[in-house]
Amino acid sequence: MTARRIARVLLDSPLPQLDRLFDYEIPDELAPEAHEGVRVRVPLRAAGRIVDGFIVELDDEPSADRPLSEVESVISSVPVLPRRLYDLARKVADRSAGSASDILRLVVPRRMVRAERSWQNAERAGVPEVSASTAEWAATALASFPGAADSLTRGARIALTAPTAPVTPGSPAPGWVGILAAAAARLLVAGRSSILVVPDHRDLDQLEQGLIAHGLGEALIRTDAAQSAPARYGAYLRVLEPTPSIVIGNRSAVYAPVHALGLIAVWDDGDPLLREPLSPGVHARDAALVRQEQEQFALVFAGFTRTTDVQRLVDIGWVEELRAARPAAPRVVLTPLREGETGTARIPSAAFTAAREAVRSGPVLVQVSRPGYAPVLACAECRHPARCRACGGPLHAGARGATPTCSACGRRAEGWTCASCGGARFLLIGSGSRRTAEELGRAFPGIRIIVSDADHPVLDVPETPALVIATRGAEPRAARGYRAVLLLDGERMLLADDLRIAEHCLRWWSNAAALAGPGAPVHLVGVAGALGRALATWSQPAFARAELAERAELRMPPAVRVASLEGPRPAVETALATVRSDVPGLQASDVLGPVPLPTTGSHDGDVRALVRCDYHDGPALARSLRAALVAAALRGRRSRSRGGARATLRIRLDLPDLNLETQQ
DNA sequence: AGCACGCCGACT
DNA sequence: GTCGGCGTGCTC
């Protein structure tokens, strides 16, 4: 009996029933290349096709044991899936009831032959140098948080509120960039790598510029979904090199298999962009926490605000709070809105005066809740909301006198008449950014007006006088800070149908307030109470703690974990039965629904149920959901072949919210 | 997804 | 005795 070489292969398939390792024999001619971590093509006989996969491990076994198929070919001899990355993907997938290959697809780029060849021919860069001046700068910057350097080197889990001013006076890099850059520099000196995760592209640009400005460009690797496929693959090959580096990127960068990981920093973890929209929908914060359980590195959650998710970790002692030696806060002025004020009076006179004063010396930021001109229209006769004739969606106007357009389907409503009274005239309700710009333009003659929203974002504004009207999240940066910030429409923002709206508003306002220059006033208009006080006293962690206590009482996330199950009613009911018997800790009140899904076309007649549980029961819930998903996938084929509806079950774990309507 | 296998009824 | 339809289960 002779021994044969076998490979355990993870298949690149989204099918839940294939999410395990398959054994293949390695034919002699492939043996020299078939290392651990390489991409291979293997036959799946029962499926009658060839599929891609990764060799996760190698082994020897006697030939006679069982018949095995052979590895068909080795796609590339570069080991792109290190064992520790597979282990991480496995753990993250298990925690979220997803497939390991769904995680790895986000991390390991497709092979690009030319990029691989040029990387192989390029000279290996040595260990990146950190100049004495950079090391000294980093030490000084970190000193603004007593104990930071020690926490970073001992691999602590940290939550911190970033400074709104640059860490070095006069530096072009914002304070948050300075702190993250200094932390990465500190670890690079110690020969360790860092991963800095930010929500969007603009953050990435700023971070990249800041790192280069502080002399850390040599170690920098940017990973970015907007890169070309060869550039992504080239960057990934650099990440794999056995030298310390600083990887910056969006949510998927959290998995980067760098050498000697010393730090993962997640910036502004309340931004929804940090949650992967593709199944299984893992948040970068959760992925970082899982990773921290299997590797020894410092984990930093930094922002201008505090999410209830991170505050929960602080409260249970899993994450420690790192405080600035001299906490600096923007100068927030709570400005009430008097009854009966209309038009430009939605800006109270105190805020108006502050803007007039401030705009003489530079840019003033005005944050509004909605883009466009008039976001809502109503019948001038009966005041009923104006609706689209085709789909019933709400109408809005792009400009004064323009034909109304449906906000849901985009159709133009030529010759609109009111459905309830037949009236033909409508009123413009509310002010979007363009209408606000028009109003302010009249009030501030001769002052330049700049509008920035999600569709037409402006990244930077000059230091010259200007009124900058921006929707939340689209605020441009002003190099030396805004001379004043006006946060309008707070009341309206708080009306959104979202159970976490107060937390979100505090994040939007904090992020805008952080753009104010030193001593510049920030007017929060029309918001009082605990929320207004939290911004005014810059005490977001205390607000998050109070919010979390309320959520714990109501058994809402993040005090508990929540899963959603969607699909045809029988599939959801069957899965719920599985979950009920597998997770004994589940209370009857912890299963919500099933209720019919709003009909969106593709899944007509589907229902949704929510299941919530304590963190203690989370692993059992994830395992049970996974089993239900595999069972549904096997059963689903049968009903489909009988001509039945798609029997697929869709499962998500760790929803941010219980709200059934606003969940995507 | 796509293929094999096995059970059962209908035909040579 | 054996051909083939269809439901079921698996994929190294």
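So that the names make sense, note that chain A is the first sequence line, chain B the second, and so on, each numbered from 1.
For the pair Arg41(A) CZ and dC12(C) P, the computed distance is 15 Å after rounding to whole Å. Rounded to whole Å, atom C1' of dT11(C) lies 14 Å from atom CG of Leu21(A). Between the P atom of dA1(B) and the CG atom of Leu11(A) lies a distance of 15 Å, rounded to the nearest Å. Taking atom CD1 of residue Ile55(A) and atom P of nucleotide dC12(C), one finds them 16 Å apart after rounding to whole Å. Across the protein-nucleic acid pair, Arg8(A) atom CZ and dC12(C) atom P stand 15 Å apart, rounded to whole Å. Straight-line distance from the CG atom of Leu10(A) to the C1' atom of dC12(C): 13 Å, rounded to whole Å. At whole-Å resolution of the value, CG in Leu18(A) and C1' in dT11(C) are 6 Å apart. One atom, CZ of Phe22(A), and another, P of dC10(C), lie 12 Å apart when rounded to the nearest Å.
The shortest heavy-atom contact between Pro14(A) and Ser99(A) is O-OG, 4.0 Å. Taking every heavy atom of both residues into account, Asp271(A) and His283(A) meet most closely at O-NE2, 4.3 Å. When all heavy atoms of Asp224(A) and Arg232(A) are compared, the closest pair comes out as O-CG, 3.6 Å. Considering every non-hydrogen atom in both Gly191(A) and Ala260(A), the closest pair reads O-CB, 3.9 Å.
Among dC12(C), dA1(B), dG2(B), the nucleotide with an atom closest to any side-chain atom of Gln17(A) is dA1(B).
For dT11(C), the OP1/OP2 oxygens have a side-chain nitrogen or oxygen of Arg20(A) closer than 4.0 Å.
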